[in-house]
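Working notes, beginning with the structure itself.
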Amino acid sequence: MRCEGILGDHDIPLRPATEIGPAVAAADLIAIPAPASVQGRYLDLILPHLSSGQALWLCQGSGGSLLPQARARRDVLFIETMYLPFSARRTGPASVVIRARLRVPYAAFPGCRADDARRVLGSLFDLPSARNVLEVALQNVNAVLHPLPCLLNWGQIEGRAEQFVLTRDGMTPAVLRALEAVDRERVAVCVAAGLSARSVDEIYELLGVVPPPYRRRPSAEGGEVYEDRYVTEAVPNGLVTIASLGDALGVATALIDSTIRICDQIYETDSWLTGRSMARLGLQGLDAEGLRRVLHDG
Amino acid sequence: MSDPRRLAVLGAGPGGLAAAAALGRRGFDVVLYSRTSETIAPFAGRGGIEIEGSLGDGFVPLRSISSDPSVLAERDVYLIAVPAYGQMASLRAALPHLGEDSTVLFLTGSCASLEAVAILGERGLDPRSGILLGETVSLPQSGRRVGATKVRIRLPAARMRVAAFPGTRTAELVQKLSGIFELNPRPNVLDPGLNNPNFLIHPAPMLLNYAAVERADGALSIMNEGMTPAVLRCLDAVDAEKCAVAAAYGLEPISVDDLYREIGSSPDVYRKPGEPFNLKDRIWPRYVLEDVPYGTVLISALGRIAGVPTPICDGINHLLSVAEQQDFWATGRTAERLGLAGMSVADVRAYVNTGARRAA
């Protein structure tokens with residue numbers, strides 16, 4: 001395929017495969033860039049073909065390595081990041097443009113294999129490390145950026161989505177206030193869990209995106225046209241995780257709870273049912289110390 | 001006409017003006033009072049209200065039009081026609097003049113009667129036995145200011161849901177108001193209180209169009225431009241929660257669509273773009289500042305007592321509090337403000353029906 005952009009212009013030879021077994025057999029690292037909502041299916045397809053010592057990288061992590069089918073494979077090294085370590089856009093059937101690097105934090109599951117993860121992923125990308133995959137999941141900026149701001153703009157999005165760019169059209173003072181308030185709830189949950197207390201602004205700074213997209217001038221280029229998936233991914237795989245962890249640790253998340261419920265009304269979804277609650281991730285009934293232990297030891 | 005009843009209308013917004021004009025037109029002795037002298041000055045100067053519309057064209061002189069509360073003396077019936085956040089201030093303006101023979105009626109009450117009990121108590125007035133206290137679900141007719149001293153009366157009068165506090169005195173209240181209004185008696189004030197049509201159709205659309213309203217600096221016709229299918233789904237969810245709460249208090253639920261038909265309007269107002277009555281172009285801050293603290297907060301508060309989940313109303317209250325930078329849970333019509341703190345649902349039902357403070 002053709003690759004252009006900040007890494008230069010290259011023709012990259014690829015070996016497309018249609019059978020998973022041969023494709024992964026000799027791989028040291030298998031990357032699954034797909035969104036959280038389909039990770040389960042990819043895990044079901046790929047895990048039977050993996051052997052001990054191989055590493056599986058969930059690029060849009062959201063705690064996917066904690067799903068039951070992944071937990072059953074203690075012999076596989078799981079690595080999670082919030083997103084790919086770069087922003088890119090497809091420009092044709094076999095071409096992409098790499099627009100920017102993103103210094104996304106990464107973590108291993110189990111956390112005790114952090115050194116292995118650094119060896120595997122660190123040889124490819126210069127990325128900051130996180131305590132564990134739950135910390136990576138809780139620093140997913142999409143949960144803060146998309147659901148509530150889109151909700152507050154919903155009357156203008158529905159039916160006209162292709163004209164709406166959230167960071168260009170949707171960031172009024174009240175929307176920004178709401179985004180910041182949701183982030184304060186998220187940070188409070190992180191603090192209670194003993195995880196990084198970085199604000200969303202600080203996460204974007206870590207990523208290398210300054211100013212963050214919601215603070216750019218409305219005329220700025222580069223924002224993406226609205227798509228339902230930005231919200232329908234971020235609610236069950238981002239907000240539900242935060243709210244569920246908050247419930248477990250006694251941290252109130254009234255705004256996040258409200259956003260989940262009203263987004264479910266808008267999109268006719270049931271995010272608590274389908275989403276990555278502590279129970280879905282096999283972390284139910286644990287306090288902060290219990291979580292730390294499970295995430296470290298596996 | 002020689003009806004001896006002396007009426008006072010408190011509030012010179014479109015609702016109060018229309019009420020005063022309609023009653024004056026029919027020959028009643030009406031005083032019109034407003035706290036704001038600027039609002040009332042043109043009418044005071046004219047000595048009455050010019051009208052056009054459903055009741056014909058003409059000029060309606062009134063007994064008095066003033067922002068001096070002394071004009072509220074020696075009235076029999078006090079009709080409070082102000083936004084919910086002004087109701088108790090209006091009551092206080094009338095309070096020195098109220099007696100055991102007075103009748104106080106909140107037009108579009110939103111459970112104002114319950115908040116009024118403590119204030120009347122300051123004057124030793126007890127709505128359980130002396131002073132008559134109640135509220136309606138809507139205005140007797142809607143009005144629109146079309147000139148400095150002119151009001152267009154827009155809708156025919158509809159039989160308004162009404163109830164007294166306590167509910168056992170509703171028949172007495174209806175009798176006292178006989179000939180003044182066409183009334184539909186309901187069991188207790190929770191019925192008209194929970195069914196304020198504005199509270200049901202404004203909050204969800206305001207939340208989901210909040211940014212658009214902000215960008216337009218309020219110059220947006222939300223009923224024309226903001227009522228997408230998902231917005232209507234949220235509106236219907238608010239209404240469903242209200243109906244569940246009403247049922248938990250033993251009331252017969254009525255959908256917002258049926259309510260609109262009942263008051264002589266149509267659900268087309270919010271379900272079809274293009275408002276039938278040319279109401280457009282400016283969002284009233286009231287769509288949030290009144291309809292949330294006195295509407296969705298009220299539904300949430302009564303729901304919480306009754307153990308009825310109200311997640312959509314709760315969500316609206318939380319999110320609009322952040323957007324507006326005002327804690328509507330604190331400023332709104334909560335159980336505390338309604339005098340219901342610590343009551344069970346059985347206690348509340350006994351209280352609103354009979355005035356007794358604890359279920360037997």
Side-chain angles (χ1 to χ4, degrees), chain A residues 144 146-161 163-185 214 218 226 228 231-232 235 239 243 252-272, chain B residues 202-218 220-241 270 273 283 285 287-288 292 296 300 309-330:
Chain A
V144 175
H146 286 119
L148 182 53
C150 288
L151 185 163
L152 293 167
N153 280 277
W154 188 253
Q156 280 57 55
I157 294 176
E158 187 169 8
R160 295 182 269 182
Q163 300 165 29
F164 190 85
V165 175
L166 178 64
T167 50
R168 180 193 68 200
D169 307 324
M171 302 308 301
T172 63
V175 173
L176 205 48
R177 257 201 301 284
L179 182 156
E180 291 167 347
V182 162
D183 197 53
R184 281 194 292 275
E185 286 187 352
Y214 44 90
Y226 170 85
D228 280 350
V231 178
T232 57
V235 175
L239 293 185
T253 52
L255 300 179
I256 292 176
D257 296 348
S258 303
T259 302
I260 294 169
R261 186 62 187 82
I262 294 177
C263 282
D264 275 346
Q265 199 73 19
I266 292 171
Y267 295 93
E268 298 181 282
T269 49
D270 187 342
S271 297
W272 278 104
Chain B
H202 292 144
M206 280 305 294
L207 175 66
L208 300 180
N209 286 280
Y210 196 88
V213 171
E214 205 178 354
R215 277 191 296 273
D217 196 23
L220 188 80
S221 173
I222 199 171
M223 292 291 134
N224 281 336
E225 304 174 50
M227 307 302 287
T228 66
V231 171
L232 286 168
R233 264 203 295 288
C234 290
L235 182 157
D236 285 333
V238 168
D239 193 48
E241 289 178 2
Y270 44 95
I283 294 288
Y287 286 8
V288 174
V292 171
T296 43
S300 291
T310 56
I312 300 293
C313 288
D314 293 351
I316 289 170
N317 298 332
H318 284 301
L319 295 176
L320 281 175
S321 289
V322 167
E324 281 284 336
Q325 299 178 281
Q326 181 180 145
D327 183 358
F328 292 119
W329 294 110

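Computed from a predicted structure; not experimentally measured. Proteins get letters first, then strands, A, B, ... in listed order; numbering begins at 1 in each.
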Less than 4.5 Å to any heavy atom of chain B: does that hold for the side chain of A:Asp257, its backbone, both, or neither? neither

Interface check, chain B: of A:Cys150, A:Pro173, A:Ala181, most non-hydrogen pairs under 4.5 Å belong to A:Pro173

Under 4.5 Å from any heavy atom of chain A - which part of B:Ile222: neither

Check the pair A:Leu148, A:Leu179 against side chain to side chain contact (heavy atoms under 4.5 Å, CB included), reporting the backbone distance first and the verdict last. CA-CA 7 Å; A:Leu148 182 53; A:Leu179 182 156; over 6 Å; no

Measure across B:Leu235 and B:Pro205 and return the closest heavy-atom pair with its distance rounded to 0.1 Å. CD1-CG, 4.3 Å

Report the option among B:Val231, B:Asp236, B:Asn317, B:Ile312 that has the most heavy-atom pairs separated by less than 4.5 Å from atoms of chain A. B:Ile312

Option that, when pairs with chain A are counted at under 4.5 Å, heavy atom only, ranks first among B:Glu324, B:Gln325, B:His318, B:Arg233: B:Arg233

Taking the six-membered ring for Trp, is the centroid-to-centroid distance between A:Tyr267 and A:Trp154 below 6.0 Å? yes

What's the separation between atom CG in A:Asn153 and atom CZ in B:Arg215, rounded to the nearest 0.5 Å? 5.0 Å

Assess the residue pair A:Leu239 and A:Thr259 against the criterion (side chain to side chain contact (heavy atoms under 4.5 Å, CB included)); give the C-alpha distance rounded to whole Å, side-chain angles, the decisive distance to 0.1 Å, and a yes or no. CA-CA 8 Å; A:Leu239 293 185; A:Thr259 302; 3.7 Å; yes

Between A:Ala254, A:Gly159, A:Gly155, which shows the greatest number of heavy-atom pairs under 4.5 Å with chain B? A:Gly155

Chain A contact via B:Asn209 - which portion, at a heavy-atom distance below 4.5 Å: both

From the list B:Val213, B:Leu208, B:Leu207, the residue making the most non-hydrogen contacts under 4.5 Å with chain A is B:Leu208

I'd like to know which of B:Ala230, B:Gly315, B:Ser321 tops the heavy-atom pair count under 4.5 Å against chain A. B:Ala230

Rounded at 0.5 Å granularity, tell me how far CG in B:Leu319 sits from CE in B:Met206. 13.5 Å

Would you compute the distance between atom OG of B:Ser300 and atom CH2 of B:Trp329 and round it to the nearest 0.5 angstrom? 3.5 Å

